Amino acid sequence: MFDNITANRAKGRTGTSMLVSVLLHGAVIAAAFGFAYARAHMPKKTETAVAVQFHAPPPPPPPPPPPPAGHKPKTPRPTQTKKVIIPPQTVIQPTEVPKLDEKPPEPEEEEDEGVEGGVEGGVVGGVVGGVVGGQVGGVIGSTAPTGPVEFNDAMTPPQVIAGPNPQYTAQALEHEVEGTMIVKCIVSVQGQVSNCRILKSLPFMDRSVLDALQKRKYSPALLHGQPIEVDYTFKLKLTLPQ
């Protein structure tokens, strides 16, 4: 009894699966036929050809025609500049030719009439009643100064005539002393040097310089050509012996 029941059930399942399988195969076949039909009836795409035309370049222009026989090409004429004519100038010759050896006339010198009351041989700036050969600015009736006066630019300085030069001391040589000493002394009308004062000193050289100056002989200072006793400043430059 049970065998019949299970056999019937198995037969029913087999029949159902066969039916499903047949349906599926039929659907697949129908789909394949439908796809083939649709592809066969699908409109084809038409490709349009584009026509490309190539144009040849234009021919070159023809050469110019040759000139006719006997024809000469025209050459440009040069531009002509107008000439400026300068009229000749007349040269007037001098009637008198100057001589080369003749000198131009010299201007006449004005005579110096001098100052009223002056004397012949006087100097400009003098005073009436002064003495010929006196000093400008002096006092009338005064005599030449008896004592030494300060040397100034109006005088001629004294010049050494004879005498020793300053000798370097051993200490000055050892310390290599060099430089300029300034000494002020009185120089008499006889050219003797005295009363010396040191204004600028050098180490170890003061006594040697003073001794040399006082042993020297000088020409006197001059004022208007006359010797005069002066208080003169000496500047002595001392250098080491070679």
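Since the structure is predicted, the reported quantities are computational estimates derived from the model, not experimental observations.
Residues passing the side chain to side chain contact (heavy atoms under 4.5 Å, CB included) test with Ser194 are Ile186, sequence neighbours excluded. By the side-chain hydrogen bond (donor to acceptor under 3.5 Å, both in side chains) test, Lys184 pairs with Glu150, sequence neighbours left out. Partners of Ser201 according to the side chain to side chain contact (heavy atoms under 4.5 Å, CB included) rule, which considers only residues two or more places apart in sequence or in another chain, are Ile198, Asp206. Glu174 pairs by the salt bridge (Lys or Arg N to Asp or Glu O under 4.0 Å) definition with nothing, not counting sequence neighbours. Residues satisfying the side chain to side chain contact (heavy atoms under 4.5 Å, CB included) criterion with Glu176, sequence neighbours excluded, are Leu240. With sequence neighbours excluded, no residue satisfies salt bridge (Lys or Arg N to Asp or Glu O under 4.0 Å) with Lys215. Partners of Tyr232 under the side-chain hydrogen bond (donor to acceptor under 3.5 Å, both in side chains) rule, at least two apart in sequence or in another chain, do not exist in this structure. Pro241 meets the side chain to side chain contact (heavy atoms under 4.5 Å, CB included) test with Tyr168, Leu173; sequence neighbours excluded. Taking the salt bridge (Lys or Arg N to Asp or Glu O under 4.0 Å) definition, one finds that Asp231 meets it with Arg197, sequence neighbours left out.
Side-chain atoms of Thr156 do not come within 3.5 Å of backbone N or O of Ala221 as any donor-acceptor pair. Side-chain atoms of Thr169 do not come within 3.5 Å of backbone N or O of Met205 as any donor-acceptor pair. Between the Arg216 side chain and the Pro164 main chain, a donor and an acceptor come within less than 3.5 Å of each other. Ser219 places a side-chain N or O within 3.5 Å of a backbone atom of Gln159 that can act as its donor or acceptor partner.
Residue pairs meeting the disulfide (SG to SG under 2.5 Å) criterion with at least one member in residues 204-242: none, sequence neighbours excluded. Counting only residues at least two apart or in different chains, disulfide (SG to SG under 2.5 Å) contacts with residues 188-237 comprise Cys185-Cys196.
We find the NE2-CD distance between His224 and Gln226 to be 10.0 Å, quoted to the nearest 0.5 Å.
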Give the C-alpha distance, both sets of side-chain angles, the deciding distance and a yes or no for side chain to side chain contact (heavy atoms under 4.5 Å, CB included) between Val187 and Phe234.
CA-CA 11 Å; Val187 182; Phe234 293 92; 3.9 Å; yes
The test is side chain to side chain contact (heavy atoms under 4.5 Å, CB included); show your working for Leu238 and Val177 and say whether it passes.
CA-CA 8 Å; Leu238 303 179; Val177 176; over 6 Å; no
Yes or no on side chain to side chain contact (heavy atoms under 4.5 Å, CB included) for Val183 and Val209, after CA distance, side-chain angles and deciding distance?
CA-CA 9 Å; Val183 184; Val209 170; 4.2 Å; yes
Applying side chain to side chain contact (heavy atoms under 4.5 Å, CB included) to Lys217 and Val193, what does each step give before you reach the verdict?
CA-CA 7 Å; Lys217 178 72 173 179; Val193 180; over 6 Å; no
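Closest heavy-atom contact between Pro158 and Phe151: CD-CE1, 4.4 Å. A pairwise comparison of heavy atoms in Tyr218 and Leu213 identifies OH-CD2, 3.7 Å as the closest pair. Nearest heavy atoms, Pro220 versus Ser188: CB-O, 3.8 Å.
Side-chain heavy atoms closer than 4.5 Å link hydrophobic residues (I, L, V, M, F, W, Y) into clusters, and following such links, even through other members, never connects Met155 to Leu222.
Grouping Ile, Leu, Val, Met, Phe, Trp and Tyr by side-chain contacts under 4.5 Å, direct or through others, puts Leu199 with Ile182.
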